[in-house]
Enquirer: 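Sending over a structure as structure tokens; questions will come in a sec.
Count residues from 1 along the sequence. In listed order, ligands and their atoms are each counted from 1. All figures in this text were calculated on a predicted structure; none of them were measured in a lab.
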Amino acid sequence: MQRQALLLGQLFNASVFEDISDVDYLQEKLDSVAQANTDLRTFDILVPQGDDFKVVASLEPGFIDRTTGDLNYVIAWHREEAVATLVSDIGRESGGDSERFWEIAMPLTNVQGEKEALLSIRMSLAVMDDLAKDTLTKSYIILSITVLIVILLLALNTRLFEHAILFRRLKEVDKMKDEFISIASHELRTPITTIKGFLSMSLEGDYGELSEGSKKGFKIMEASVNRLGHLVEDLLNVSRIEQNRLIVKKEPVDLKAVLDSLMLEFELRVKAKNLALKLSADKDLPQVWADEDKLKQVIINLLGNSIKYTKQGEIELIAKKTDEKLITITIKDSGIGMDASEREKLFEKFYRVQGEETRGIIGTGLGLWITKQLVELMGGTISVDSIKHVGSQFYFTIPIYNKETHKIEEKPQTEKRNQKTA
Ligand code: ADP
């Protein structure tokens, strides 16, 4: 702005130096220059008068004929060079705000290069200052937002950090819980087997004849120990599956033989409840690709449930080849059934339907979860259809043995049979 003001003064001088003594001409020129430069606040032409200077042309008509002994004018006049000063003023134009200007005083010369008058202009810095102020305000806003974002990020990070620690602790606790269940179940197994053994020997009269009252008591004890045994087996299975310790050894399995043996196994239990049990299997059932023990465990769990949750009617075990690669095994009953909301969480751990009809039926809520995991580990899927008070049918798929794609491996050396039997 300072350079622009100086240049303006020089250009003005160049355009008037031939008629520098013509005051009217100077006024006319000065007005037209001011019109083209909106940053110009004052524009005066002065001539020396004694030690002072008198205004002969001005943007403000009221200034004409005024005299001033401004020091800058005196310096500019005597040194014969332009003097530029930065001044700040409670401006006439800026509505009370302080306005900054470049004030230029420079002698005006005639054609011969002699100084004849003095030019004084004030070039406002308002546009620049407004721009700077605006930029500063925007910068403050951006800075505030940035600081806010940084604070938020820090807060979030601290939370994330806390969550990470919490998550790690939870994982540790979860691991400890799994280990505890695994150890406790193992440790419980031996005394349960011992108690069962002594109870059955006592009931068989190995320790002397029992009175009817004692027999009744021992039978109740036997039922309770059996329940405890099932719970421990279920917990052991859950912990094996969760810790990926369950070995599934797939091999070609004669499904028909498995189904026949299970029909025999369940005959007495079904009869005891006055139910009917039917097997409907395809004539030439192909071999399936499965772990025989696990496959039996799955069917035992589902048949066991059907018997548990059916008061009267029939239970049907169906085995059908549903496509080139799969056999679908269905366990259908005419039991208490379930509605949609009861079916929703059916395969979740510890879920049991709570209702009038299930009250008093003993269970852990682990059987179907274990069953689902086993089916999936053998490459199948399981689902259920059920209508309340009509019955349920659970069906799962199992791959058909294929010589080309299924490779027979060596038998694993260790893994005890763990079957849920009720
Ligand atoms: P539980 O040890 O309680 O039988 P499961 O995981 O085997 O545990 O079964 C979960 C719940 O699903 C049962 O408590 C029962 O309410 C319901 N259920 C399972 N099978 C049947 C069925 N065949 N008919 C009706 N309800 C069933």
Side-chain angles (χ1 to χ4, degrees), residues 181 185 188 192 223-242 246 259 262-263 265-266 269-270 272-280 294-319 328-378 380-396 418-422:
I181 290 179
S185 317
L188 281 170
I192 287 173
S224 299
V225 172
N226 279 339
R227 261 168 57 197
L228 188 61
H230 295 147
L231 172 67
V232 168
E233 284 307 329
D234 277 356
L235 285 176
L236 267 175
N237 276 327
V238 169
S239 86
R240 280 194 198 106
I241 293 169
E242 283 190 333
L246 191 88
L259 297 177
L262 289 175
M263 288 296 287
E265 201 175 313
F266 275 87
R269 279 178 64 191
V270 172
K273 258 194 109 176
N274 258 333
L275 299 169
L277 177 63
K278 191 171 122 188
L279 172 67
S280 315
K294 308 287 181 294
L295 179 62
K296 274 187 179 168
Q297 189 177 346
V298 167
I299 304 173
I300 287 170
N301 285 355
L302 296 173
L303 269 180
N305 275 350
S306 286
I307 297 169
K308 253 198 323 189
Y309 299 105
T310 304
K311 287 178 190 142
Q312 58 186 41
E314 188 185 64
I315 292 158
E316 197 178 354
L317 180 58
I318 309 161
T328 301
I329 298 175
T330 309
I331 291 94
K332 192 172 160 189
D333 64 48
S334 53
I336 59 173
M338 287 165 281
D339 60 31
S341 64
E342 290 168 344
R343 283 198 308 265
E344 223 169 79
K345 294 179 180 170
L346 205 59
F347 293 99
E348 283 180 19
K349 241 186 289 172
F350 297 109
Y351 175 74
R352 304 203 69 215
V353 175
Q354 306 293 344
E356 200 54 44
E357 283 169 304
T358 54
R359 195 165 301 147
I361 300 179
I362 289 154
T364 59
L366 289 171
L368 284 181
W369 184 85
I370 295 170
T371 303
K372 184 172 191 276
Q373 307 306 312
L374 292 180
V375 169
E376 286 172 1
L377 282 169
M378 287 189 286
T381 53
I382 183 165
S383 19
V384 61
D385 285 337
S386 187
I387 302 174
K388 191 94 177 158
H389 307 305
V390 174
S392 313
Q393 59 177 40
F394 285 83
Y395 42 94
F396 68 93
N418 292 296
Q419 293 187 353
K420 187 186 181 208
T421 50

Enquirer: Is any N or O atom of L368, backbone or side chain, closer than 3.5 Å to an N or O atom of ligand 1?
Expert: yes

Enquirer: Yes or no: does F347 have any heavy atom under 4.0 Å from an atom of ligand 1?
Expert: no

Enquirer: Tell me which part of E342 gets within contact of ligand 1: side chain, backbone, both or neither, using heavy atoms under 4.0 Å.
Expert: neither

Enquirer: I'd like to check which ligand 1 atoms, numbered from 1 as shown, lie under 4.0 Å from a non-hydrogen atom of L366.
Expert: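 Heavy-atom distances to L366 below 4.0 Å select 6 (O), 8 (O).
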
Enquirer: With only distance considered, is G367 within less than 3.5 Å of ligand 1 through an N or O on each side?
Expert: yes

Enquirer: Near F394, which atoms of ligand 1 are under 4.0 Å from a heavy atom of that residue?
Expert: 20 (N), 21 (C), 22 (C), 23 (N)

Enquirer: Heavy atoms only, cut-off 4.0 Å: how does D333 contact ligand 1, side chain, backbone, both, or neither?
Expert: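 Only the side chain of D333 comes within reach of ligand 1.
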
Enquirer: Please report the shortest heavy-atom distance between F266 and I300, naming the atom on each side.
Expert: CZ-O, 3.8 Å

Enquirer: Mind checking whether I336 contacts ligand 1 via backbone (N, CA, C, O), side chain (CB onward), both or neither, at a 4.0 Å heavy-atom cut-off?
Expert: side chain

Enquirer: Locate the shortest heavy-atom distance separating L259 from L317; write the atom from each residue and the value.
Expert: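 Minimum heavy-atom separation between L259 and L317: CD2-CD2, 3.8 Å.
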
Enquirer: Checking E242 now: which residues fulfil side chain to side chain contact (heavy atoms under 4.5 Å, CB included) with it, not counting sequence neighbours?
Expert: D178, V238, K349, W369

Enquirer: Write down the atom of I361, the atom of R352, and the distance for their closest heavy-atom approach.
Expert: O-NH2, 3.1 Å

Enquirer: Less than 3.5 Å between some nitrogen or oxygen of G365 and one of ligand 1, yes or no?
Expert: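 Indeed, backbone or side chain, G365 has an N or O that close.
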
Enquirer: Give a yes or no on whether K273 atom NZ has more than 12 heavy-atom contacts from other residues, nucleotides or ligands under 6.0 Å away.
Expert: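 Yes, because the 6.0 Å sphere around NZ of K273 holds more than 12 heavy atoms from other groups.
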
Enquirer: Is the shortest side-chain heavy-atom distance between I336 and K311 below 4.5 Å?
Expert: yes

Enquirer: Once you round to the nearest 0.5 Å, how far does CG of D234 lie from OG of S239?
Expert: 11.0 Å

Enquirer: Regarding K388 and E342, does a basic nitrogen lie under 4.0 Å from an acidic carboxylate oxygen?
Expert: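 A salt bridge is present here (some side-chain N lies under 4.0 Å from a carboxylate O).
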
Enquirer: Give the single entry among W369, F350, Y309, Y351 that approaches atom 27 (C) of ligand 1 most closely by any heavy atom.
Expert: Y309

Enquirer: Should you measure from each heavy atom of K308, which atoms of ligand 1 turn up under 4.0 Å away?
Expert: 1 (P), 2 (O), 4 (O)

Enquirer: T328: which residues meet the side chain to side chain contact (heavy atoms under 4.5 Å, CB included) condition with it, sequence neighbours left out?
Expert: T322, T330, Y395, T397

Enquirer: Identify, by atom number and element, the atoms of ligand 1 in contact range of R352, meaning under 4.0 Å from any of its heavy atoms.
Expert: 1 (P), 3 (O), 14 (O)

Enquirer: Below 3.5 angstrom, do we get any N/O pair linking T358 and ligand 1?
Expert: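 Among all N and O atoms of T358, none is under 3.5 Å from an N or O of ligand 1.
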
Enquirer: Of L346, I307, I331, V353, which has the heavy atom at the shortest distance from atom 12 (O) of ligand 1?
Expert: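 It is L346 that holds the nearest heavy atom.
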
